[in-house]
Novice: 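Have a look at the structure that comes next, please.
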Amino acid sequence: MSSVQERAAAEKAIGRNPHPDFKKVESSRPPWDDTKSFAFSQTKSPDWKLGSGANDSSSSSKSHVEIDPYEEGRPAPFNYKLLISAVVPRPIAFVSTRSKDGTSTNLAPFSYFSLINHDPPLFTIGYSGGFDKAKDSLRNLKESEECTINIISEHFVEAANSCSINAPYGESEWAISGLTPAESKTVKASRVKEAVFTVEGKVESLREFESRATKGKKTGVLAIIEGTRFWVREDAINEQRNLIDPAVLRPISRLGGITYGRLTEGFELTRPDYNETIKNSEEASKLVKPKVDGQ
């Protein structure tokens with residue numbers, strides 16, 4: 001079985017798309033509203049006070065279901081589908097890589113992605129499968145030890161999604177998507193010109209993981225990437241070059257299944273200071289108790 005067939009079979013086994021005829025379902029939905037722009041609102045409970053608990057008091061009375069991820073007979077894809085629908089919204093790393101000899105490139109989205117440190121700037125990317133069955137992106141990353149991470153925005157989400165296609169190694173996702181490669185400064189991999197924000201990065205470390213259910217089977221690789229250069233679109237960055245406007249970035253996030261999310265609303269919350277909110281408040285000071293079991 002070829003790598004293309006293997007990936008198609010894996011996708012079929014996961015059953016990510018719940019719709020027999022997706023285009024028919026999509027056509028029944030409202031069209032994209034381009035007039036929606038990022039705006040601030042209040043929090044749900046702006047008068048919330050320390051010790052008040054959840055802003056929806058009924059939430060503590062709901063029942064829960066316990067799930068053992070290694071329960072006998074539970075297929076591994078069940079954990080995958082559960083986790084990607086629960087850990088949301090997830091930012092998406094649109095990763096550009098180039099093979100060490102420069103003969104092949106890859107461009108692909110990954111939602112097992114996060115920022116973990118700022119000095120040095122460190123990012124994590126999670127790859128499904130081990131080195132023995134490495135997809136193009138991981139293969140190139142391991143060889144060249146460098147990449148670019150591009151943040152996906154609304155204005156090229158369809159093109160970015162097209163790069164998740166199970167194309168054979170060596171075929172260009174740049175051509176399939178129609179996106180524009182731009183030269184990087186510290187790495188050989190191209191950055192996406194359409195991206196509002198891009199990180200050039202080099203591999204800090206790679207770690208492979210083994211299945212708990214199937215001994216010897218390699219199921220994932222964690223890549224830690226150190227940022228070596230940032231690129232920001234001029235109209236998105238402030239004067240101090242330390243803050244990006246979400247109304248310009250318009251980032252896309254990943255939810256469960258084949259669902260994505262837009263960022264159209266936000267709210268602000270200040271981080272509480274202990275002396276200011278507890279020590280200087282007689283009412284709040286009454287809430288201070290030593291930690292006990294169960295907390």
Novice: Centre of F131's six-membered ring, under 6.0 Å away, within 45 degrees of the axis: is that where NZ or CZ of K218 sits?
Specialist: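 Negative - K218 is either too far from the ring of F131 or too far off its axis.
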Novice: Kindly write out the residues that satisfy ring pair (Phe, Tyr, Trp, His ring centres under 6.0 Å) with F94, not counting sequence neighbours, or none if the list is empty.
Specialist: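 None.
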Novice: Quick check: closest heavy atoms across G257 and R254, and the distance to 0.1 Å?
Specialist: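 That would be O-NH1, 3.0 Å.
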Novice: Could you tell me whether the side chain of S177 and the main chain of E173 form a donor-acceptor pair under 3.5 Å?
Specialist: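 Between the backbone of E173 and the side chain of S177 there is a qualifying donor-acceptor contact (under 3.5 Å).
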Novice: Got a donor-acceptor contact below 3.5 angstrom from the S211 side chain to the A213 backbone?
Specialist: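 Such a contact is found between S211 side chain and A213 backbone.
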Novice: What do the steps show when you test E210 against K215 for side-chain contact (heavy atoms from CB on, under 4.5 Å), and what is the final call?
Specialist: CA-CA 7 Å; E210 186 174 303; K215 192 173 181 180; 3.9 Å; yes
Novice: Give the minimum heavy-atom separation between I151 and P251, together with the two atoms involved.
Specialist: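 Smallest interatomic distance, heavy atoms only, reads CG2-CB, 4.5 Å.
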Novice: Linking Ile, Leu, Val, Met, Phe, Trp and Tyr through side-chain heavy atoms less than 4.5 Å apart, which residues share a cluster with L50?
Specialist: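 W48, Y274, I278, L287, V288, all in the cluster of L50.
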Novice: For the residue pair T97 and N140, confirm or rule out a side-chain donor-acceptor distance under 3.5 Å.
Specialist: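 Yes, because at least one side-chain N or O of T97 sits under 3.5 Å from a partner of the opposite role on N140.
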Novice: Got more than 12 heavy atoms from elsewhere within 6.0 Å of CD, E183?
Specialist: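 Result for CD/E183: open.
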Novice: With the side chain counted from C-beta on, respond yes when I176 and I165 share a heavy-atom pair under 4.5 Å apart, and no when they do not.
Specialist: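 I176 reaches I165 side chain to side chain.
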Novice: Please say yes or no: joined through hydrophobic side-chain contacts below 4.5 Å, possibly via intermediate residues, are F123 and L141 part of one cluster?
Specialist: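 Same hydrophobic cluster.
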Novice: With a 4.0 Å cut-off on N to O distance, would you call K23 and E26 a salt bridge?
Specialist: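 Salt bridge between K23 and E26, a charged N being under 4.0 Å from a carboxylate O: yes.
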Novice: Measuring from atom CZ of R233 to atom CG of D245, what distance do you get when rounded to the nearest 0.5 angstrom?
Specialist: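 Here the rounded value is 10.5 Å.
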Novice: Donor-acceptor pair, distance only, cut-off 3.5 Å: does the side chain of T214 make one with the backbone of K217?
Specialist: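 Not confirmed, T214 side chain does not pair with K217 backbone.
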Novice: Just by modelled atom types, is the T186 backbone N or O under 3.5 Å from a matching donor or acceptor in the S184 side chain?
Specialist: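 Here the side-chain-to-backbone pair does not exist.
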Novice: Work out which heavy atom in S190 is nearest to a heavy atom in R98; give both atom names and the distance.
Specialist: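 What the structure gives for the nearest pair is OG-NH2, 3.7 Å.
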Novice: Taking the side chain as every heavy atom from C-beta outward, state whether L206 and K142 have any atom pair closer than 4.5 Å.
Specialist: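 They are in side-chain contact.
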Novice: What is the distance from atom NZ of K49 to atom OG of S281, rounded to the nearest 0.5 Å?
Specialist: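 Here the interatomic distance stands at 9.0 Å.
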Novice: Is there a path from F110 to L115 through hydrophobic residues (I, L, V, M, F, W, Y) whose side chains come within less than 4.5 Å of each other?
Specialist: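 Hydrophobic grouping puts F110 with L115.
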Novice: Evaluate S153 against L249 for side-chain contact (heavy atoms from CB on, under 4.5 Å), listing each step before the verdict.
Specialist: CA-CA 6 Å; S153 296; L249 181 61; 4.0 Å; yes
Novice: Any chance you could measure E171, atom CD, to D136, atom CG, to the nearest 0.5 Å?
Specialist: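 With rounding to 0.5 Å, CD (E171) is 9.5 Å from CG (D136).
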Novice: What distance do R241 atom CZ and E234 atom CD have between them, rounded to the nearest 0.5 Å?
Specialist: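 It comes to 10.5 Å.
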Novice: Test of understanding: clusters of I, L, V, M, F, W, Y form through side-chain heavy atoms closer than 4.5 Å, transitively. Do I252 and V248 belong to the same one?
Specialist: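 In one cluster with I252: V248, no.
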Novice: For L82, what are the other residues in its hydrophobic cluster, where any two members join if their side-chain heavy atoms are less than 4.5 angstrom apart?
Specialist: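 Reading the cluster by chain and number, L82 sits alongside V65, I67.
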Novice: In plain terms, say whether E154 and R262 are close enough for a salt bridge, that is, a side-chain N and a carboxylate O under 4.0 Å apart.
Specialist: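 Between R262 and E154 there is a salt bridge, with a charged N closer than 4.0 Å to a carboxylate O.
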Novice: I need the R139 CZ to K133 NZ distance, nearest 0.5 Å.
Specialist: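 Taking CZ in R139 and NZ in K133, the distance rounds to 13.0 Å.
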Novice: Heavy-atom distance under 4.5 Å between the side chains of N106 and S96, does that happen here?
Specialist: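 Contact flag for N106/S96 side chains = no.
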Novice: Look at the rings of F230 and F197 and say which category their plane angle falls in: under 30° parallel, 30 to 60° tilted, over 60° perpendicular.
Specialist: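 Answer is tilted, since the angle falls between 30° and 60°.
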Novice: Say whether Y260 and L179 are linked into one hydrophobic cluster, either directly or through other cluster members, by side-chain heavy-atom distances under 4.5 angstrom.
Specialist: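 In one cluster: yes.
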Novice: Under the rule for ring pair (Phe, Tyr, Trp, His ring centres under 6.0 Å), what residues qualify as partners of Y70, not counting sequence neighbours?
Specialist: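 Expected list: none.
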Novice: Same cluster or not: are I92 and I225 linked, directly or through other Ile, Leu, Val, Met, Phe, Trp or Tyr residues, by side-chain heavy atoms under 4.5 angstrom apart?
Specialist: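 They do not share one cluster, since no chain of ILVMFWY contacts under 4.5 Å joins I92 to I225.
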Novice: Can you find a heavy atom in the side chain of V192 that is under 4.5 Å from one in the side chain of T148?
Specialist: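 V192 vs T148: side chains apart.
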Novice: If I compare all heavy atoms of H155 with all of V196, which pair ends up nearest, and what's the gap?
Specialist: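 For H155 and V196, the tightest heavy-atom pair comes out as CE1-CG2, 3.8 Å.
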Novice: Of all the heavy-atom pairs spanning P69 and N79, show the shortest one and how long it is.
Specialist: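 Nearest pair, atom of P69 first, then N79: O-ND2, 3.0 Å.
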Novice: Check this for me, if you would: do E143 and K100 make a salt bridge, where the nitrogen-to-carboxylate-oxygen distance has to be below 4.0 angstrom?
Specialist: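 K100 and E143: not salt-bridged.
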Novice: Rounded to the nearest 0.5 Å, what's the gap from CD1 on I224 to CG on L122? Could you check?
Specialist: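 With rounding to 0.5 Å, CD1 (I224) is 7.0 Å from CG (L122).
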Novice: Is the closest side-chain heavy-atom distance between Y112 and V87 below 4.5 Å?
Specialist: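 Y112 vs V87: side chains apart.
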Novice: For F38, give me all partners under ring pair (Phe, Tyr, Trp, His ring centres under 6.0 Å), at least two apart in sequence or on another chain.
Specialist: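 F38 satisfies ring pair (Phe, Tyr, Trp, His ring centres under 6.0 Å) with F40 only.
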Novice: Does atom CZ (R74) have a neighbourhood of more than 12 heavy atoms from anything else shown, all under 6.0 Å?
Specialist: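 Counting other residues, nucleotides and ligands, CZ of R74 exceeds 12 neighbours.
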Novice: For K185 and E200, work out which heavy atoms get closest and say how close.
Specialist: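 Heavy-atom minimum between the residues: N-OE2, 2.6 Å.
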Novice: Using atom types as modelled and distance alone, determine if a side-chain donor or acceptor of D21 lies under 3.5 Å from a backbone N or O of V25.
Specialist: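 Here the side-chain-to-backbone pair does not exist.
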Novice: Going by heavy atoms in the side chains, are S99 and T105 under 4.5 Å from each other?
Specialist: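 S99 vs T105: side chains apart.
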Novice: For the residue pair R90 and I84, establish whether any side-chain heavy-atom pair is separated by less than 4.5 Å.
Specialist: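 SC-SC contact between R90 and I84 confirmed.
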Novice: Tracing side-chain links under 4.5 Å among I, L, V, M, F, W and Y, which residues wind up in one group with F267?
Specialist: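 For the cluster that includes F267, the remaining residues are L269.
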Novice: Mind running side-chain contact (heavy atoms from CB on, under 4.5 Å) on R250 and S37 for me, showing each step along the way?
Specialist: CA-CA 8 Å; R250 298 178 80 95; S37 59; 3.9 Å; yes
Novice: Answer yes or no: does atom CD of Q240 have more than 12 heavy-atom neighbours from other residues, nucleotides or ligands under 6.0 Å?
Specialist: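 Yes, the 6.0 Å shell around CD holds more than 12 heavy atoms from other groups.
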Novice: Would you say that Y127 contacts V95 through its side chain, given a criterion of any heavy-atom pair below 4.5 Å between the two side chains?
Specialist: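 They are in contact (side-chain heavy atoms under 4.5 Å apart), so the answer is yes.
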Novice: If you apply the rule side-chain contact (heavy atoms from CB on, under 4.5 Å), what do you find for N150 with R191, and how did you get there?
Specialist: CA-CA 7 Å; N150 307 269; R191 57 191 175 90; 3.9 Å; yes
